There are 2 protein chains.
Amino acid sequence: MRLTDRQKLILTLIIHEHIQTAQPIGSKTLVQKYNLTLSSATVRNEMSVLTDYNLLRQPHTSAGRVPTEEGYRFFVGNLIHKSALPTTTRRTITHQFYQSRQDVEQWLKLAASVLANQSQAASLVTAPHAEKAIFKHLELIATRGRQVLMVLVLMGGEIRQQFITLPEPVAQERLSEIAAQFSNLCVRRDADGIARMRQHFDALGQDILEILLAEMTLIEESATGEIYLDGMTNVLSEPEFAESDEARQALHILEERSLLENLLASTMVNTDVGGIQVLIGGEGTWEELRQCSVILARYGDPKSLTGSVGVLGPIRMPYDRTISTVQFVANVLSDLVSETLAV
Amino acid sequence: MRLTDRQKLILTLIIHEHIQTAQPIGSKTLVQKYNLTLSSATVRNEMSVLTDYNLLRQPHTSAGRVPTEEGYRFFVGNLIHKSALPTTTRRTITHQFYQSRQDVEQWLKLAASVLANQSQAASLVTAPHAEKAIFKHLELIATRGRQVLMVLVLMGGEIRQQFITLPEPVAQERLSEIAAQFSNLCVRRDADGIARMRQHFDALGQDILEILLAEMTLIEESATGEIYLDGMTNVLSEPEFAESDEARQALHILEERSLLENLLASTMVNTDVGGIQVLIGGEGTWEELRQCSVILARYGDPKSLTGSVGVLGPIRMPYDRTISTVQFVANVLSDLVSETLAV
DNA sequence: TTTAGCACTCTCAGGTCGAGAGTGCTAAAT
DNA sequence: ATTTAGCACTCTCGACCTGAGAGTGCTAAA
């Protein structure tokens with residue numbers, strides 16, 4: 001599909017205008033508003049062509065034109081000029097990160113909050129997660145009776161805590177001893193590697209080893225880390241969701257962890273760190289997202305820890321700005337992660 | 001305000017019917033539907049009285065009656081018969097808890113999910129939190145360079161992790177030594193107690209001690225632990241929120257952590273473990289919740305760890321069932337917490 | 001005290017109507 | 001070969017009207 005420059009201009013203007021007003025745009029309005037040196041009739045003809053190409057659509061005969069999903073896709077793919085985020089915005093964001101508590105959880109929450117505010121849409125951020133779980137450190141803390149708190153630290157900084165119940169009460173000194181043994185023998189090993197160390201431990205140690213293995217397998221199997229959401233109410237205030245329950249459906253995806261993981265997994269599979277994915281109107285696969293667009297980026301260290309960050313908003317979304325924002329936040333997170341967490 | 005039995009019956013029936021239909025209820029409908037041995041005229045007279053008492057309201061002259069907030073309050077305060085939750089439901093819930101992973105975080109998520117499903121409303125659950133932070137265990141794990149991962153365990157099982165930056169790189173053995181020193185000297189002490197141990201530590205130890213103190217103070221100052229939410233989309237599907245943005249406002253409270261903490265703090269202040277608070281229509285204080293009711297209970301061990309659990313739904317809510325559910329989930333959590341976490 | 005009867009009120013769904021915005025087509029102008 | 005003016009046509013949207021239906025309050029009788 002080859003468009004003339006004028007057609008591209010008109011498509012761009014219509015999208016631009018529609019994003020602001022949420023209304024169908026007519027030929028006359030367009031000419032007036034942008035002082036085009038064209039008559040409305042000419043614009044009408046071009047619009048007609050764009051409609052044939054399925055880039056524009058009329059809600060009904062004799063209303064203005066509205067971009068189709070394909071229109072948006074063409075726009076995002078070919079016409080968008082990747083504007084860098086204004087320096088002031090970038091400074092504001094960076095500032096917030098560097099003055100927050102030095103804590104991964106805080107950073108992720110902050111990233112979600114910043115994205116939600118900047119884009120006025122719902123944001124989602126997943127914790128950095130390694131494909132392979134590599135052991136770093138184990139801690140066992142007696143609580144009472146046979147209950148023991150197990151804290152497992154992986155290379156890269158992922159931490160999991162869990163209460164386990166031992167066959168019989170064990171003194172704290174004994175637990176610390178075993179934990180130290182693990183931390184010495186198993187550091188930098190994966191689940192298989194740890195399994196092979198089995199004979200170095202006594203009965204109690206072996207019990208704990210089994211639990212540890214189960215836990216590490218569990219971590220590896222989960223496709224993504226913890227998921228942080230923010231700004232869901234932003235989406236609700238968009239006019240296109242005023243009275244249908246389309247918004248409810250879209251937000252439902254965010255709430256249902258398993259759906260969300262699917263979405264992330266299938267979208268991120270081809271995306272490298274630094275890359276960005278734009279999913280417009282569900283792309284035929286996600287029925288519930290027919291009215292929504294999702295912009296996702298990957299952050300972290302490609303070889304070890306990666307996570308996703310993105311926003312979900314109405315199709316009618318300021319793509320250039322939002323894409324820049326998502327990308328910028330992903331970069332900031334990448335920096336923070338590689339500074340503090342890298343293996 | 002003294003009501004006759006018949007007035008109480010009529011009020012109860014109207015509330016009951018309105019909760020199901022979300023419509024104003026007329027005298028004739030009421031008589032038919034519930035086979036009352038009364039004429040509609042009599043019911044009309046009684047309705048008129050209840051309207052004078054400000055327990056009922058007419059959306060407009062010559063529509064049926066709708067309960068007022070006060071009506072709901074009277075109902076919840078005086079007329080409700082606390083029905084125990086059906087045994088099967090209780091078993092289902094208990095079952096889910098006892099077959100989940102033994103992990104506080106899992107339990108809280110599960111509690112939120114169960115409540116949201118059972119009540120078809122939004123649910124909120126806060127992590128158990130002690131008024132006084134009492135030290136139990138410290139762990140220091142070298143990551144790289146001067147970055148150290150600090151894991152702090154409090155009596156009661158609250159865990160906080162944080163990256164700290166030391167003035168210079170320190171070997172893991174040295175860190176473990178210091179951590180062990182803390183765990184020995186400071187166990188069962190509060191922030192003040194730890195501060196008094198300052199002279200027992202060397203320079204590095206004192207640096208860490210300061211960070212530790214700051215962290216403990218921070219924990220104490222935060223009124224509640226982590227907050228888990230679920231089922232926000234349930235609220236959106238209620239007919240009264242179909243086309244206004246009242247729902248958005250209400251859900252906004254759930255998203256804005258600080259607002260939510262206020263709500264919890266001011267509501268829970270008079271509530272003991274085992275007790276329950278019902279906040280109907282914002283009670284004049286919470287403008288955004290004018291259309292909503294919040295039901296909250298406290299769980300945990302009154303002397304050490306407590307948290308809140310509750311739901312937020314439309315005013316038009318099946319109070320008896322929802323209250324039972326919230327109370328039941330609170331009890332289950334109390335049991336779990338006192339079994340595994342108690343000091 | 002309760003109830004039958006009745007006049008009255010108000011909403012809601014449906015229908016009609018004109019204004020306004022926008023289109024596509026045609027024929028003239030560039 | 002494009003571009004543009006002109007015009008007939010289409011469709012929505014809000015305003016307005018209308019009648020059916022539901023519900024009320026009051027009065028007088030049971």
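Every chain is numbered from 1, with letters handed out A, B, ... down the list of sequences. Atoms considered below: every heavy atom in the structure, side chains included; atoms not considered: hydrogens, waters and symmetry mates. From a predicted model like this one, the values you see are computed outputs, not experimental measurements.
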Point to revise | Nucleotide forming a Watson-Crick or wobble pair with C:dT3, both distances under 3.5 Å | key: D:dA28
Point to revise | Base partner of C:dG18, which must satisfy Watson-Crick or wobble distances under 3.5 Å | key: D:dC13
Practice item. Give a yes/no on whether any side-chain N or O of A:Arg65 is located under 4.0 angstrom from OP1 or OP2 of C:dG24. Key: yes
Review point. Can you tell me how far C1' of D:dT24 sits from NZ of B:Lys28, to the nearest Å?
Key: 12 Å
Review point. C:dT1 P sits how many Å from B:Gln7 CD, rounded?
Key: 12 Å
**Study point:** Short side-chain to backbone donor-acceptor contact, B:Arg248 and A:Leu236, under 3.5 Å
**Key:** no
**Study point:** Pairwise side-chain contact, B:Val66 with B:Gln58, heavy-atom cut-off 4.5 Å (strictly under)
**Key:** no
Study note, to complete from the structure: To the nearest angstrom, the CG-P distance between B:Leu36 and C:dT3 comes to 11 Å
Review point. Can you check whether B:Thr29 has a side-chain N or O nearer than 4.0 Å to OP1 or OP2 of D:dG23?
Key: yes
Point to revise | DNA chain D-proximal residues of residues 39-61 of chain B, any heavy atom under 4.0 Å | key: B:Arg44, B:Met47, B:Gln58
Check your understanding: A:Ile25 CD1 to C:dG22 P: how many Å, rounded?
Key -> 9 Å
Review point. Among A:Glu46, A:Met47, A:Gln32, which one satisfies side-chain contact (heavy atoms from CB on, under 4.5 Å) with A:Ser27?
Key: A:Met47
Review point. OP1 or OP2 of D:dT2 less than 4.0 angstrom from a side-chain nitrogen or oxygen of A:Arg6, does that happen here?
Key: no
Review point. Rounded to the nearest 0.5 Å, what separation is found between the CD atom of A:Glu246 and the CG atom of A:Leu289?
Key: 10.5 Å
Exercise for review: Indicate, yes or no, whether a donor-acceptor pair under 3.5 Å links the base of C:dT23 to the side chain of A:Ser62.
Suggested key: no
Review point. Which pair of heavy atoms, one from A:Gly281 and one from A:Ile315, lies closest together, and at what distance?
Key: CA-CD1, 3.8 Å
Exercise for review: Determine, for A:Arg290 against A:Glu69, whether the closest basic-nitrogen to carboxylate-oxygen distance falls under 4.0 angstrom.
Suggested key: no
